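In this text, all values refer to a predicted model and were calculated from it rather than measured experimentally. For ligands, and for the atoms within them, numbers begin at 1 and follow the listed sequence. Position 1 is the first residue of the sequence; numbering continues from there.
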Amino acid sequence: MEVVPLGPGFAAELRGTTLAEIAKDDAAYAAARAAFEEHSVLVFRGQDASDEGQLAFSRRFGPPEVTKVGSLGTGSHFVILTTIGADGKVVPPDHRYALRNRANQLWHTDSSFKSVPALTSILSARTIPARGGETEYVSTRLAFERLDAGLRKKLENSFAWHDYAHSRGKITADLASPEERAALPPQCWRMVWKNPVNGRGALYLASHAYAVEGMDETAGKKLIDELTEAATTPDVSYVHQWKSGDVVMWDNRATMHRGRPWPAHEARLMVRTTISATAADGLESMRPPSQQAAE
Ligand SMILES: [Fe+2]
């Protein structure tokens, strides 16, 4: 297995291995896991990704999420990201699928709005447009390390609220349905996720974040916006240009990502599996002290 760095200080391609090998071989998994902890985004090219193969690979990293209500694939371990409607045609721009793609184009980390956030997301390209539709990543670990020591200390002891309805509300007021709102109440997480393997902290931010515990609404929002801007400043991203057979996995604890647009008439179908964070991934220290005490 060869680890080829791709991005500005993070992201790497793993060559000479396959999802199937990592799924069945302990040594291959250990090497891939070490690369994941170190590089935050891993790219696999030329994979033959079936749903079953992708899930078997994903399970290596922890427990798979069950897809939430209101998403395509609900109740399964797969999230289907598509602009192809039931009639087999690309949906119009005001369709919910298209609006959700616009929400995916905001900088975010997956599942910070869930009661158990995600360690990693694994995305495979099934149908891709001829151009556009890239996924762009930044390292929130490197972003955290760029901040001054005083602010780093403050953030390590600060907590932010995340809400799915908040990020969807940036696109249209009713994009999060009443059913989704009821299933996904706001969650509060520490603003820095410390990786237990290497001890490095990362900003834990997302388009879902809307308030900082103990700060007034305006000041909290300003802090979230300033940190997001600092994390996504030009020239710090890795832009993944999808090719057929690509699978990309990323560390939701240490990155943010966003989808990039593509010509609206072109079809795009991606399949995501998502692995929940566990205590071994540093989850418990992310909870606010009030919740730690209550458990
Ligand atoms: Fe995402």
Item to complete: Work out how many protein N, O or S atoms lie closer to the Fe ion (ligand 1) than 2.8 Å.
Response: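 Excluding waters, the total comes to 3.
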Fill in: Test log, rule side-chain contact (heavy atoms from CB on, under 4.5 Å), inputs Arg268 and Trp262
CA-CA 9 Å; Arg268 184 175 185 264; Trp262 67 92; 3.5 Å; yes
Item to complete: Specify whether His257 and Tyr137 have parallel, tilted or perpendicular ring planes, treating 30° as the upper limit for parallel and 60° as the lower limit for perpendicular.
Response: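 Tilted.
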Item to complete: Output yes when a side-chain donor or acceptor of Ser71 lies under 3.5 Å from a complementary backbone atom of Thr74, and no otherwise.
Response: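 Between the backbone of Thr74 and the side chain of Ser71 there is no qualifying donor-acceptor contact (under 3.5 Å).
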Worksheet item: Should we say atom CG of Asp225 is surrounded by more than 12 heavy atoms from elsewhere, each under 6.0 Å from it?
Response: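 Yes - once you tally the heavy atoms of other residues, nucleotides and ligands closer than 6.0 Å, there are more than 12.
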Practice prompt. Kindly check if the number of other-residue, nucleotide or ligand heavy atoms within 6.0 Å of CD (Glu156) is above 12?
Written response: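 Check passes, neighbour count above 12.
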Worksheet item: If you look only at pairs with a residue in residues 71-91, which of them pass as a ring pair (Phe, Tyr, Trp, His ring centres under 6.0 Å), with sequence neighbours excluded?
Response: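 Sorted result for residues 71-91: empty, none.
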